Amino acid sequence: MPLTQSIYESAEALNTEFAAEIAGKLATGIAERGRASLMVSGGRTPLPLFKALSHADIDWSKVDVSLVDERWVDESSDASNTRLVKDNLLVNNAAAARFIEMKSAEADAADAVIACEARLAAMSQPFDVLILGMGEDGHTASLFPCSEQLAAGLQMDSGRVCIATQPTTAPHQRMSLTLPAIVASRNIYLHLTGDKKRQVLEDAVANATATEKPIVAVINAAQVTLKWAP
Ligand SMILES: O=C(O)[C@H](O)[C@@H](O)[C@H](O)[C@H](O)COP(=O)(O)O
């Protein structure tokens, strides 16, 4: 599928306009279905977007928020995406949103997949807005090229929404949405900043397979909008 590209002169312009676009999609979901669902990624890139989005003037009480992926660590950990979202997005107006936990008490994420899928099933699906990041290895969500679980995570007929993955090039076991769950979303965004990641993406789209660069699997299977700034 062709990648729709929105290129901005600055990260500030990107985050301001992107937050407004997300708010509009969520308001549409609320108007059409009574509630809207927002799935966000962790990492550093989304932080200024979360701040801008937290001020959006929509009925956040009718928005369910959860994660595209989660490191399998306690919320008290600096590596917790749950903590990142609660501290940076679910504040200001967005504090009224309902957060659906991806993390649970099981020591092994593999033992928590079914219960995680059941929690996410309470959200409006297909997800109204899903925001992906990308690592320089081409991973997205926690679908890592290095992990043994990649093939299962990319299997379009798996019937699975979540999968536990164990990357070898990044810390922590993770819970991740699967490729079928990601590409079923109504509005899929890839949020990147910097020249290096744009080069990684262009090289991946031009030369890599889906297993070499999992972001290619998403772009091949769905309409994705790239939001990029220097
Ligand atoms: O849990 C995570 O780490 C993310 O979901 C992951 O997929 C992230 O989007 C990329 O690693 C990019 O992270 P940065 O934005 O920090 O570069």
Side-chain angles (χ1 to χ4, degrees), residues 8 11-12 14-15 18-19 22 38-53 65-89 99-103 109 112 116 120 127 129-147 149-150 153-154 161-179 181-183 185 188-201 203-204 208 210-219 222 224-230:
Y8 296 84
E12 184 180 2
L14 185 165
N15 291 315
F18 190 13
I22 294 165
L38 169 63
M39 303 297 280
V40 297
S41 290
R44 309 316 299 170
T45 303
L47 288 180
L49 173 68
F50 288 167
K51 180 174 174 55
L53 186 55
V65 178
S66 193
L67 290 163
V68 169
D69 65 331
E70 176 59 293
R71 294 81 176 275
W72 210 248
V73 297
D74 290 336
E75 190 173 326
S76 59
S77 166
D78 288 342
S80 168
N81 286 341
T82 297
R83 176 175 170 184
L84 189 84
V85 169
K86 288 184 177 178
D87 288 352
N88 295 279
L89 174 57
F99 182 71
I100 306 296
E101 301 282 348
M102 186 172 246
K103 178 71 171 63
C116 184
L120 296 182
F127 303 120
V129 174
L130 183 139
I131 305 170
L132 295 172
M134 185 194 72
E136 293 186 6
D137 61 353
H139 84 260
T140 193
S142 279
L143 301 172
F144 284 82
C146 62
S147 77
Q149 302 79 22
L150 179 64
L154 296 182
V161 170
C162 297
I163 187 168
T165 67
Q166 181 65 68
T168 58
T169 58
H172 313 300
Q173 186 184 31
R174 280 94 181 303
M175 186 72 77
S176 180
L177 291 186
T178 61
L179 179 65
I182 290 168
V183 302
S185 303
I188 306 166
Y189 297 97
L190 176 58
H191 181 202
L192 303 179
T193 56
D195 292 332
K196 173 67 174 170
K197 284 200 179 174
R198 189 171 183 188
Q199 190 60 58
V200 167
L201 178 64
D203 291 347
T211 50
E212 290 168 336
K213 307 286 185 187
I215 189 60
V216 170
V218 178
I219 292 168
V224 177
T225 299
L226 170 66
K227 295 288 187 176
W228 181 86

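Keep in mind that what you see is a predicted model, and the values were worked out from it rather than measured. Whatever order the structure lists them in is the order used to number ligands and atoms, beginning at 1.
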Review point. Quick one: does Thr140's side chain have a donor or acceptor within less than 3.5 Å of a partner on Gly133's backbone?
Key: yes

Practice item. List the closest protein heavy-atom neighbour of atom 8 (C) of ligand 1: residue, atom name, distance to the nearest 0.1 Å. Key: Gly42 O, 4.0 Å

Exercise for review: Select one of side chain, backbone, both or neither to describe which atoms of Val68 lie under 4.0 Å from any atom of ligand 1, heavy atoms only.
Suggested key: neither

Revision key, fill the gap. Short version for Arg71: what comes under 4.0 Å of ligand 1, heavy atoms counted, is side chain

Review point. Less than 3.5 Å between some nitrogen or oxygen of Asn81 and one of ligand 1, yes or no?
Key: yes

Check your understanding: So is there a nitrogen or oxygen of Thr140 less than 3.5 Å from a nitrogen or oxygen in ligand 1?
Key -> no

Exercise for review: Would you mind checking which non-hydrogen protein atom is closest to atom 11 (O) of ligand 1, with the distance to 0.1 Å?
Suggested key: His139 NE2, 2.8 Å

**Study point:** Identity and distance of the protein heavy atom lying nearest atom 17 (O) of ligand 1
**Key:** Lys197 NZ, 2.5 Å

Review point. Where's the contact between Ala141 and ligand 1, heavy-atom distance under 4.0 Å: side chain, backbone, both or neither?
Key: backbone

Review point. Among protein heavy atoms, which sits nearest to atom 16 (O) of ligand 1, and what does the distance come to when rounded to 0.1 Å?
Key: Arg44 N, 2.7 Å

Review point. Among protein heavy atoms, which sits nearest to atom 13 (O) of ligand 1, and what does the distance come to when rounded to 0.1 Å?
Key: Gly43 CA, 3.9 Å

Check your understanding: Hey, does the side chain of Asp137 reach the backbone of Pro145 with a donor-acceptor pair shorter than 3.5 angstrom?
Key -> no

Practice item. For ligand 1, indicate whether the residue Thr45 contacts it via side chain, backbone, both or neither (heavy-atom separation under 4.0 Å). Key: both

